[in-house]
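These notes are about the structure you will find just below.
Below, chains carry the letters A, B, ... as their sequence lines are ordered, and counting in each starts from 1.
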2 protein chains.
Amino acid sequence: MSNTPQRVPDTKERILDAAEKLFGQNGFTATSLRDITAEAGVNLAAVNYHFQTKESLFEAAIARRMEPVNRRRIELLDAAGANPTLEQILLAFLSPLFVRHPNEAIGLMSQILATPDSFVRQLFKKHLAGVVNRFVEALQQALPNLTRTEILWRLHFTAGSMAHLMARGSVLPEISEGLCNPSDRPAVLARLVTFAAAGFRADAWGGDAGLGGEAA
Amino acid sequence: MSNTPQRVPDTKERILDAAEKLFGQNGFTATSLRDITAEAGVNLAAVNYHFQTKESLFEAAIARRMEPVNRRRIELLDAAGANPTLEQILLAFLSPLFVRHPNEAIGLMSQILATPDSFVRQLFKKHLAGVVNRFVEALQQALPNLTRTEILWRLHFTAGSMAHLMARGSVLPEISEGLCNPSDRPAVLARLVTFAAAGFRADAWGGDAGLGGEAA
DNA sequence: GTATTGCTCATACGTTCGTTTCAATCATAC
DNA sequence: GTATGATTGAAACGAACGTATGAGCAATAC
């Protein structure tokens, strides 16, 4: 059980590949194990042999992509020195998602953020909360005028832009006459950083925003 | 079929209420008709009698909330005159979601944006595309320095922030030590408008954003 | 060789899903 | 009153789901 030979028949990885593709595209509930094994070209029972349950498979797919992403995030944040700029922080947080296996990492990431099941929220805590706190600290240092609350909200907005962007680049092309091409990833990343950085630098909201009792 | 008596037994509305609550919370696939009829306290067959299919019920729930929201959006945009400010445009687009039946309208709205099923994307086109185009025009007028492409991207980011915020205020509290309270809706709306307005006003991205070939 | 272990296969279990059926009910029209 | 047509109820349909089982196969250990 511990250090067995491991013939590397790679069916385990084929399952993970198919799982991250389909989970990322369609979400957890909308993806069946039969979809995954069909995509992977393996037997249905293999998924229960290598991973025990569907939830475990989801977590394994998350872990495989999220761990290198998070490592790279911390790496980039550290490399930016003791006083990173806002853009450096945002790039450290966002750019690892766009590299190497972008479609998959990105899809899974937004599924973590978007799936309301309680076990997925635990995955969020496990794989994301620590990194997020590290970045909140860096943002507080870079933006001393903002309260921690304000920073959390704006990071939340940024994460939403990212998540929305990634899971479904599908929505936008339909209304944009092809002007938005989500597959040009470096450009998308740059646009997102530009947008988010400006949002973070906005003066903190002080009271009324011109609602006039609209949202009472 | 046309002008039948209509005893208003309100079981149809009870189904819609339950549907918009549960669809908004858990999404389309993760919500079963039995969940809905249990929540509504009606018989399972009633949903197939009043609405024919699960997809039709989803669309009916969307339509009931989206139509007044979209009407109010256009109303506010028109009320802002011929040259609305960026904040007026964003408020016109976002504030109707936070009024009256906010949790439900908001949850359904983000489900439209987040569900990859093809029929949901058709709902997006049907209920959202027209309004979105109207707002893109207004934004182009208010921000003449930005290309249409740039505006579409930033509206996309804003929609993502909104969608993420709404469907799952659940994620943030867990890492924010309670500092973010999504139920204080006027404050959330104001923060979102502040963030998005600053993002829209950012200088358009011109070329490189400091990636250094990271996302090659 | 045989034994053992790691893995894959076909198949089936029990449950839940969306949908359907049809008899029972109710308010109104006559 | 009875007839009519709109609604509701209990029960069931076939299909798809996640999971489990046990035989079969390949490779190493002895």
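- Within 4.0 Å (heavy atoms only), A:T31 reaches sugar-phosphate atoms of the nucleic acid but no base atom.
- The NZ-C1' distance, from B:K54 to D:dA15, rounds to 14 Å in whole Å.
- The aromatic rings of A:F200 and B:F195 sit perpendicular, their planes meeting at an angle over 60°, well past the 30° parallel limit.
- Of all nucleotides listed (C:dA12, D:dA10, C:dA10), C:dA10 comes nearest to the side chain of A:A45.
- Within the 4.0 angstrom heavy-atom criterion, no nucleotide atom of any strand lies near B:A46.
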B:R134 and B:E137: CA distance, side-chain angles, deciding distance, salt bridge (Lys or Arg N to Asp or Glu O under 4.0 Å) verdict: CA-CA 5 Å; B:R134 183 90 161 66; B:E137 286 172 30; 5.7 Å; no
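- Atom CZ in A:R34 sits roughly 16 Å away from atom P in C:dT15 (whole-Å rounding).
- Atom NZ of A:K12 is separated from atom C1' of C:dG6 by 12 Å (rounded to the nearest Å).
- Between B:N43 and A:Q52, the residue anchored nearer the 5' end of DNA chain D, judged by the nucleotide with its closest heavy atom, is B:N43.
- In this entry the distance linking CD1 of A:I15 with P of C:dC7 reads 12 Å, nearest Å.
- Remark: A:K21 does not engage A:D35 in a salt bridge, criterion side-chain N to carboxylate O under 4.0 Å.
- A close approach under 4.0 Å does not occur between any side-chain nitrogen or oxygen of A:N48 and OP1 or OP2 of D:dG18.
- At C:dG6, none of the side-chain N or O atoms of A:H50 fall inside 4.0 Å of OP1 or OP2 (strictly under the cut-off).
- For B:H164 and A:H164, the ring centers sit 6.0 Å or farther from each other.
- Between the CZ atom of A:F51 and the P atom of D:dA20 there is a distance of 16 Å, rounded to whole Å.
- Along DNA chain C, the nucleotide nearest A:L44 and the nucleotide nearest A:Y49 are compared for position; the residue whose nucleotide lies closer to the 5' end is A:Y49.
- In terms of phosphate contacts, B:S32 brings a side-chain nitrogen or oxygen within less than 4.0 Å of OP1 or OP2 of C:dC17.
- The CZ-C1' distance, from B:F58 to C:dG18, rounds to 16 Å in whole Å.
- Put simply, A:T53 has no side-chain N or O that comes within less than 4.0 Å of OP1 or OP2 on D:dG18.
- The backbone N or O of A:G199 sits less than 3.5 Å from a side-chain atom of A:R154, completing a donor-acceptor pair.
- The interatomic distance linking A:L33 (CG) with C:dC17 (P) rounds to 17 Å, in whole Å.
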